[in-house]
There are 2 protein chains.
Amino acid sequence: MPKLGMEPIRREALVTAAIAEIGAAGSLDVTVSAISKRAGMSSALAHHYFGNKDQIFLAAMRHILAGFAVEVRSRLSMADTPRDRLTALVEASFAQSCFDPEVISAWLNFYVKAHSSPDAMRLLRVYQHRLRSNLIHTLRPIAREPEALADTIAALIDGLYIRAALGAVKTNDPASAILAFTAPHLEDER
Amino acid sequence: MPKLGMEPIRREALVTAAIAEIGAAGSLDVTVSAISKRAGMSSALAHHYFGNKDQIFLAAMRHILAGFAVEVRSRLSMADTPRDRLTALVEASFAQSCFDPEVISAWLNFYVKAHSSPDAMRLLRVYQHRLRSNLIHTLRPIAREPEALADTIAALIDGLYIRAALGAVKTNDPASAILAFTAPHLEDER
DNA sequence: ATGTTTATTGATTGACGCGTCAATTAAAAA
DNA sequence: TTTTTAATTGACGCGTCAATCAATAAACAT
């Protein structure tokens, strides 16, 4: 029963299903069949729209990245002072949407995937560069070494992600932990 | 040409080869054949000694963990003050042996593997718990909240590992970055 | 010598999964 | 109504890979 304009609907369904499957399996060892089944279609259709499995994974990651970008912009727009901007950036990294186990699992797996897939690596670089730029720009007025501090904060975010993915999250709030840890490195406002 | 007592030699060769293969591929998508070939034997022999592929991976990770433990003990034994002990712990995490790209790749992949393999998860918990205990014990005399600080430092170590694995390491020395970042949270010696 | 144990592998099996393709359906266009 | 076009799938070919097994060969024991 072919209705027209199914492509975007199918693509989104597949992307969502892929993220869910990756989350359920905890790895990228997920078959196109399983993804398609969850998305309510045949695997042939998935191949028809995406070409191959890697493209599905990449689309899933792009989807997650886009969601994160929205989260960041939304929070940044409500921040005025550098300190508020820093808080916004860090809290965005641990927003509900990013902290979803499925999303964390996808992140972790795509980190590894980036090792062997130049396309995945490029996507990761986009995220990293954007976060780094945002942090440096925000820190410049209030930190002596904005670049070094930004790199440390970024690594800390990544590290807390891993710990969350491994279920060892008894930490109340990763964001406030980072901010408290960072505070001594910020200059007094004058 | 069966010489006797080959088992330990074969096992070590397979473990080393597995780490090399994982490092070369950047993922766990490595065939038993490839590992066996690199180790200079047939895949049947690998199965003979290890039973299945997962056991090879686990043995490889145990091997890496053991090497890390040696590194830690060695450096701890030469430290007297709490501050020296902290330096020893952090620097051990970024020792040459841990920073080897092959080893980093293995770590990253086994993080993911732990998601679906209880055995791998148990191994990771051993490492995490040991590091956490060491950090807390070391920090107790010089930090107000040893547990929270230990968790943050551990996450920071993990995060810097990822960045190293992704090749974005322009940072001079991760260890000194961590120590500098941690310094303000240590109490004055009295 | 003869038998037992250990080491070793080539060949094989069985399963699985990606990607393709021809065929089908039904909406839209002519 | 006829034709085109988008949507959709079942079946399948092809390759891959983990794991098994029977067979061979050398060391050791008696």
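Here is the naming used below: chain letters follow the sequence lines, and residue numbers restart at 1 for every chain.
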May I ask you to say what B/Phe50 touches in the nucleic acid, namely base, sugar-phosphate or nothing, with a heavy-atom cut-off under 4.0 Å?
nothing
Roughly, in whole Å, what's the span from CD1 in A/Ile9 to C1' in D/dA7?
12 Å
Using heavy-atom distances to pick each residue's nearest nucleotide on DNA chain D, tell me which of A/Tyr49 and B/Ser33 is more 5'.
A/Tyr49
In terms of the nearest nucleotide of DNA chain C, which residue is placed more toward the 5' end: A/Ala44 or A/Val30?
A/Val30
Between B/Ser105 and B/Pro101 (side chain of the first, backbone of the second, donor and acceptor by atom type, cut-off under 3.5 Å), is there such a pair?
no
Of all the nucleotides listed (C/dG19, D/dT8, C/dA7), which has the minimum atom distance to the side chain of A/His48?
D/dT8
Check every atom of D/dT8, D/dA27, D/dA18 against the side chain of B/Thr31 and return the nucleotide holding the closest atom.
D/dA18
Flag side-chain contact, heavy atom, 4.5 Å: A/Leu186 against A/Leu86:
yes
Go through D/dA7, D/dT9, C/dC18 for me and flag the one nearest to the A/His47 side chain.
C/dC18
Starting at NZ of B/Lys37 and ending at P of D/dA18, how long is that distance when rounded to a whole Å?
14 Å
Between C/dC18 (P) and B/Asp29 (CG): distance, integer Å
11 Å
Nucleotide of C/dA27, D/dT9, C/dC18 approaching A/Leu4 most closely (side-chain heavy atoms)
C/dA27
What is the separation between atom CE on B/Met6 and atom P on C/dT5, rounded to the nearest whole Å?
20 Å
Rounded distance (Å) that lies between atom P of C/dC18 and atom CG of A/Leu14
13 Å
Please determine whether the number of non-hydrogen atoms from other residues, nucleotides or ligands lying under 6.0 Å from atom CD of A/Glu147 exceeds 12.
yes
Counting neighbours of CD on B/Glu7 that are heavy atoms of other residues, nucleotides or ligands and sit closer than 6.0 Å, is the number greater than 12?
yes
Between D/dT8 (P) and A/Leu45 (CG): distance, integer Å:
5 Å
Between atom CG in A/Asp54 and atom C1' in C/dG19, what is the gap in whole Å?
13 Å
Would you kindly give the CD-to-P distance between B/Glu7 and C/dT6, to the nearest whole Å?
10 Å
Find the distance between CD1 (B/Ile104) and CZ (B/Arg163) and round it off to the nearest 0.5 Å.
13.5 Å
